[in-house]
Trainee: 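There's a structure below that I have some questions on.
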Amino acid sequence: MNGAPLPSDNPPSPLDQPGVRVVIRLDLPTGGRVGPGKIALLEAIDSTGSIAAAARALGMSYPRAQVLLHQLDTALGRSVVLRSAGGRRGGGALLAPPGVAAIERYRAIEAAAQRAADELA
């Protein structure tokens, strides 16, 4: 024999096993990036109505959440969150239309990639 392994000697590829998980990061022409962390932050803001509460729910600091939102605003050229000032009366945050669109588009791309990955198995 020439020493080449037989097909039965090769372990199965991880791509051939069920459960391939797709993680997407979009590199935008503006130089910005949109990935699972920023999308999770937007989704948490949508569900909590608060940047601070969203940050806590995700285990990140409020300043870090503000940095991520600023990065998204810059990358998309529009504000992704509508903010109202806090204080004694409390504040709040709502997703602006670009924030809603970012989630929808990201999740659609992620779902399409996941379907393609599932077809590999």
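Index from 1, following the sequence. Fair warning: this is a prediction, and the values are worked out from it, not measured in the lab.
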Trainee: Looking at CD1 of I103 and CD1 of I45, how far apart are the two atoms once the value is rounded to the nearest 0.5 Å?
Mentor: 8.5 Å
Trainee: Which pairs pass side-chain hydrogen bond (donor to acceptor under 3.5 Å, both in side chains) with one or both residues in residues 54-64, sequence neighbours excluded?
Mentor: Y62-Q66
Trainee: Applying the 4.5 Å side-chain criterion to the ILVMFWY set and letting contacts propagate, would V100 and V80 be lumped into a single cluster?
Mentor: yes
Trainee: Would you please name every residue forming a side-chain contact (heavy atoms from CB on, under 4.5 Å) with S79, sequence neighbours left out?
Mentor: D73
Trainee: List the atom of L76, the atom of P98, and the distance in Å for their closest heavy-atom pair.
Mentor: CD1-O, 4.4 Å
Trainee: Do you know which two heavy atoms are closest between A54 and T48, and how far apart they sit?
Mentor: N-OG1, 3.6 Å
Trainee: Find out if a path of hydrophobic residues (ILVMFWY) with successive side-chain heavy-atom gaps under 4.5 Å connects I109 to L72.
Mentor: yes
Trainee: Side-chain polar contacts of residues 23-41 - donor-acceptor pairs under 3.5 angstrom, sequence neighbours left out - could you list them?
Mentor:
residue, atom, partner, partner atom, Å
R25, NE, D27, OD1, 2.9
R25, NH2, D27, OD1, 3.2
R25, NH2, D27, OD2, 2.9
D27, OD1, R33, NE, 3.4
T30, OG1, G32, N, 3.4
T30, OG1, A75, O, 2.9
K38, NZ, R33, O, 2.8
K38, NZ, Q71, OE1, 3.1

Trainee: Taking only residues two or more places apart in sequence, or in another chain, which ones meet T74 in a side-chain contact (heavy atoms from CB on, under 4.5 Å)?
Mentor: H70
Trainee: Applying side-chain hydrogen bond (donor to acceptor under 3.5 Å, both in side chains), which residue pairs with at least one partner in residues 93-109 are found, sequence neighbours left out?
Mentor: E43-R107, R107-E110
Trainee: Determine, stepwise, if the pair L95 / V81 fulfils side chain to side chain contact (heavy atoms under 4.5 Å, CB included).
Mentor: CA-CA 4 Å; L95 292 184; V81 173; 4.1 Å; yes
